[in-house]
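Down below is the structure, laid out as structure tokens.
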2 protein chains.
Amino acid sequence: MPTPYSTPMELLARKLDSCARLSDADRAAILGLAHTVRVLPARHDIVRFGERSNQSCLVLQGWVSRYAALSEGERQILSFYIAGDMPDLQSLHLDRMDHHLATLTTCTIAFVTHDELHRVFRQHPNLIGILWRDTLIDAAHYRERITSLGRRQALGRVAHLFCELYLRQRAMGLTSGLSCPLPPKQSELADALGLTSVHLNRVLRTLRTRRLVTLNGGLLTIEDWDELAAVAEFDPTFLHQTVEGVPASEPAETV
Amino acid sequence: MPTPYSTPMELLARKLDSCARLSDADRAAILGLAHTVRVLPARHDIVRFGERSNQSCLVLQGWVSRYAALSEGERQILSFYIAGDMPDLQSLHLDRMDHHLATLTTCTIAFVTHDELHRVFRQHPNLIGILWRDTLIDAAHYRERITSLGRRQALGRVAHLFCELYLRQRAMGLTSGLSCPLPPKQSELADALGLTSVHLNRVLRTLRTRRLVTLNGGLLTIEDWDELAAVAEFDPTFLHQTVEGVPASEPAETV
DNA sequence: CGGTGCTTTGACATCGCTCAACGACGGTGG
DNA sequence: CCACCGTCGTTGAGCGATGTCAAAGCACCG
């Protein structure tokens with residue numbers, strides 16, 4: 001399932017279109033953004049805690065994670081990012097990183113300097129709101145994660161994350177039926193969900209046994225969306241996607 | 001400890017000054033924001049899940065909470081807001097609320113319409129970045145909460161929240177020595193921390209016994225900042241305050 | 001064919017939850 | 001003024017969900 005994009009900024013335009021409404025002028029401005037592209041190996045820090053950044057990154061291919069490092073080598077993964085996401089927009093207005101940003105898989109990443117972003121903002125003030133909105137949606141994801149960690153048990157937490165990651169990939173055309181890539185290892189999923197990898201493994205077995213979901217070789221397959229969403233108490237409102245499509249019991253194949 | 005402000009927008013200016021740098025022109029623009037003021041009773045919803053809003057609110061006095069409601073009457077408090085905070089800025093760019101906003105105590109709240117904000121943004125584009133930054137700091141608070149819920153045990157979680165709430169109030173001049181208001185009831189703190197009120201109560205006893213913190217009648221008193229911060233593994237970076245002041249062992253009295 | 005890293009499983013420990021009761025306190029009405 | 005009541009805080013006993021530790025299985029790869 002390769003990322004189906006022609007140019008980096010077309011990918012960004014597609015992404016922004018899935019959470020906002022992009023006018024033709026805005027779209028053109030996006031497509032004109034100067035950028036550089038780099039391929040980074042898996043498990044490689046992009047920006048580190050404490051650093052100042054003068055550019056923001058756009059994921060073109062692969063998965064990126066945002067994480068906080070605690071003492072004793074413990075780690076909390078704060079969020080996952082996929083093709084089309086700009087995980088580093090906050091550096092536009094916050095001077096120091098308060099966490100790390102790292103690749104999870106081999107990644108293709110585009111970098112846009114803050115100067116370039118400010119230039120486009122000056123010429124197309126509309127875009128400010130659209131990218132601001134993007135960071136607000138990021139915050140909405142955080143809120144949902146807080147709710148999960150605070151009030152759901154392990155099973156619901158895992159189910160909820162799977163629903164979220166499936167729908168986000170679906171909006172970017174990265175799913176195939178009820179399957180989608182899920183490259184993080186179990187220990188990484190555990191670090192995101194506030195669980196140990198041992199317990200996560202047992203939860204995965206439960207999900208498999210109950211015929212809700214299977215996870216194998218980096219491929220997630222949802223066998224029963226309705227039941228999975230019920231276990232997760234999943235409500236897609238927080239995703240703020242323009243296309244509200246929750247998979248029907250018999251979901252449409254994505255184009 | 002009454003909120004020491006003369007006018008609503010002076011309070012906002014003071015707040016923004018504590019996390020950014022406000023030029024004189026920006027400051028004047030803030031002071032000129034048209035608004036209305038209302039007093040709301042405690043435990044009163046300001047905006048509800050699913051609603052659309054055409055205004056944003058500014059807390060002038062009292063405490064506000066953002067919360068998600070789950071089935072079975074369960075609730076996760078996502079964050080607390082105090083005088084100077086604008087908890088509702090996201091409604092500028094997100095059409096539907098994905099959670100609730102409610103008063104915790106009796107509150108004085110100022111409301112500014114989105115139209116008015118957009119007007120000021122047009123005349124003072126600087127302010128866009130400053131308010132955007134404010135929402136990004138909100139997100140930084142979420143991240144820290146995720147880390148707490150995911151990777152800290154109850155004791156550290158509680159200690160961390162107390163450190164955060166103390167420093168945020170300190171930046172607004174709402175503390176007195178190492179004491180500050182903490183109006184939420186134990187059940188509300190528990191709902192914010194992913195604990196039951198019973199267990200939170202035991203944790204508070206531990207904190208009291210270990211002479212770190214006492215909480216009594218809505219007043220939080222920190223007895224040993226260094227030790228409390230150590231238990232919490234507290235690092236104030238995520239607050240993104242311009243004045244970095246962490247209380248010394250013998251903290252300066254706030255003016 | 002022997003690493004190396006990830007997943008899976010078992011046995012046991014522990015943190016935090018549940019249920020239940022009681023105490024402290026303030027408001028209200030007689 | 002006092003009895004009553006509701007709310008909040010406090011405590012105990014037992015239980016359940018999740019963590020810890022340790023080992024084995026398994027796939028990939030040199």
Side-chain angles (χ1 to χ4, degrees), chain A residues 41-43 63 65 70-77 104-106 148-161 181-210 213-221 231-232, chain B residues 41-43 63 65 70 72-77 104-106 148-161 182-210 213-221 231-232:
Chain A
R43 271 106 215 163
W63 282 50
S65 76
L70 288 90
S71 60
E72 319 272 333
E74 277 191 304
R75 160 181 81 158
Q76 173 67 40
I77 292 185
L104 228 37
T105 65
T106 303
S148 250
L149 291 172
R151 284 287 171 251
R152 283 190 256 265
Q153 313 214 119
L155 189 72
R157 252 183 249 178
V158 177
H160 197 279
L161 182 65
L182 201 88
K185 319 186 269 200
Q186 293 189 8
S187 62
E188 289 163 338
L189 290 174
D191 277 344
L193 290 164
L195 301 172
T196 57
S197 60
V198 171
H199 195 64
L200 175 74
N201 183 277
R202 295 191 225 269
V203 170
L204 289 178
R205 181 176 44 177
T206 306
L207 287 170
R208 203 183 316 130
T209 309
R210 289 174 57 175
V213 157
T214 59
L215 175 55
N216 221 317
L219 185 74
L220 180 78
T221 302
V231 165
Chain B
R43 271 109 217 160
W63 282 51
S65 75
L70 286 90
E72 319 273 334
E74 274 190 306
R75 157 182 84 157
Q76 173 68 39
I77 292 186
L104 228 37
T105 65
T106 304
S148 250
L149 291 172
R151 285 289 172 249
R152 282 189 255 265
Q153 312 214 120
L155 188 72
R157 250 183 250 180
V158 176
H160 198 279
L161 182 64
L182 201 88
K185 314 186 275 200
Q186 292 190 6
S187 63
E188 288 163 338
L189 290 174
D191 278 344
L193 290 163
L195 301 172
T196 57
S197 60
V198 172
H199 195 63
L200 176 74
N201 183 279
R202 295 191 227 269
V203 170
L204 289 177
R205 180 175 47 178
T206 306
L207 287 170
R208 203 184 315 127
T209 309
R210 291 175 55 176
V213 155
T214 59
L215 174 56
N216 218 317
L219 185 73
L220 179 77
T221 302
V231 165

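A, B, ... follow the sequence lines: proteins, then strands. Residue 1 opens every chain. Worth saying up front: this structure is predicted, and the values here are computed from it rather than measured.
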(request) Taking the side chain as every heavy atom from C-beta outward, state whether L193(B) and H160(B) have any pair of such atoms under 4.5 Å apart. (result) no
(request) Side chain of R205(A) only, please: which of dC6(C), dT18(D), dG10(C) is the nearest? (result) dG10(C)
(request) Check the distance between dT10(D)'s C1' and L207(B)'s CG and give it to me in whole angstrom. (result) 15 Å
(message) Using whole Å, what does the distance between atom P of nucleotide dA17(D) and atom CG of L193(A) come to?
(response) 18 Å
(request) Using whole Å, report how far CG of L204(B) lies from P of dT10(D). (result) 7 Å
(request) Would you kindly give the CG-to-C1' distance between N216(B) and dC8(D), to the nearest whole Å? (result) 13 Å
(request) Please state how far atom CD in E188(B) lies from atom C1' in dT7(D), giving the value in whole angstrom units. (result) 12 Å
(message) I'd like to check the salt bridge (Lys or Arg N to Asp or Glu O under 4.0 Å) partners of R43(A); sequence neighbours left out, ordered by chain and number.
(response) E188(A)
(message) Which heavy atom of P181(A) sits nearest to which heavy atom of L219(A), and what is that distance?
(response) N-CD1, 4.3 Å
(request) Select from R152(B) and K185(A) the residue whose nearest nucleotide in DNA chain C is closer to the 5' end of that strand. (result) K185(A)
(message) Quick one, L215(A) and L189(A) - any side-chain contact, counting heavy atoms below 4.5 Å?
(response) yes
Between protein and nucleotides 19-24 of chain D, what N or O pairs are separated by less than 3.5 Å?
| from | atom 1 | to | atom 2 | distance (Å) |
| --- | --- | --- | --- | --- |
| dG19(D) | OP1 | G194(A) | O | 3.4 |
| dG19(D) | OP2 | T196(A) | N | 3.2 |
| dG19(D) | OP2 | T196(A) | OG1 | 3.1 |
| dT20(D) | O4 | R202(A) | NH2 | 3.3 |

(message) Below the 4.0 Å mark, does dT8(C) have OP1 or OP2 next to a side-chain nitrogen or oxygen of N201(A)?
(response) yes
(request) Let me know the distance between CG of L189(A) and C1' of dC6(C), rounded to the nearest Å. (result) 13 Å
(message) Could you tell me how far apart L149(B) (CG) and dC15(C) (P) are, to the nearest whole angstrom?
(response) 18 Å
(request) Grab the CG-P distance between D191(A) and dC6(C) for me, whole Å please. (result) 12 Å
(request) Spell out, as yes or no, whether a donor-acceptor pair under 3.5 Å connects the side chain of Q76(A) to the backbone of S148(B). (result) no
(message) Under 4.0 Å from OP1 or OP2 of dT10(D): is there any side-chain N or O of Q186(B) that close?
(response) yes
(message) For R157(A) versus L195(A), what's the shortest heavy-atom pair and its separation?
(response) NH1-CD2, 3.6 Å
(message) Tell me if a side-chain donor or acceptor on T221(B) pairs with a main-chain N or O of T214(B) at a distance below 3.5 Å.
(response) no
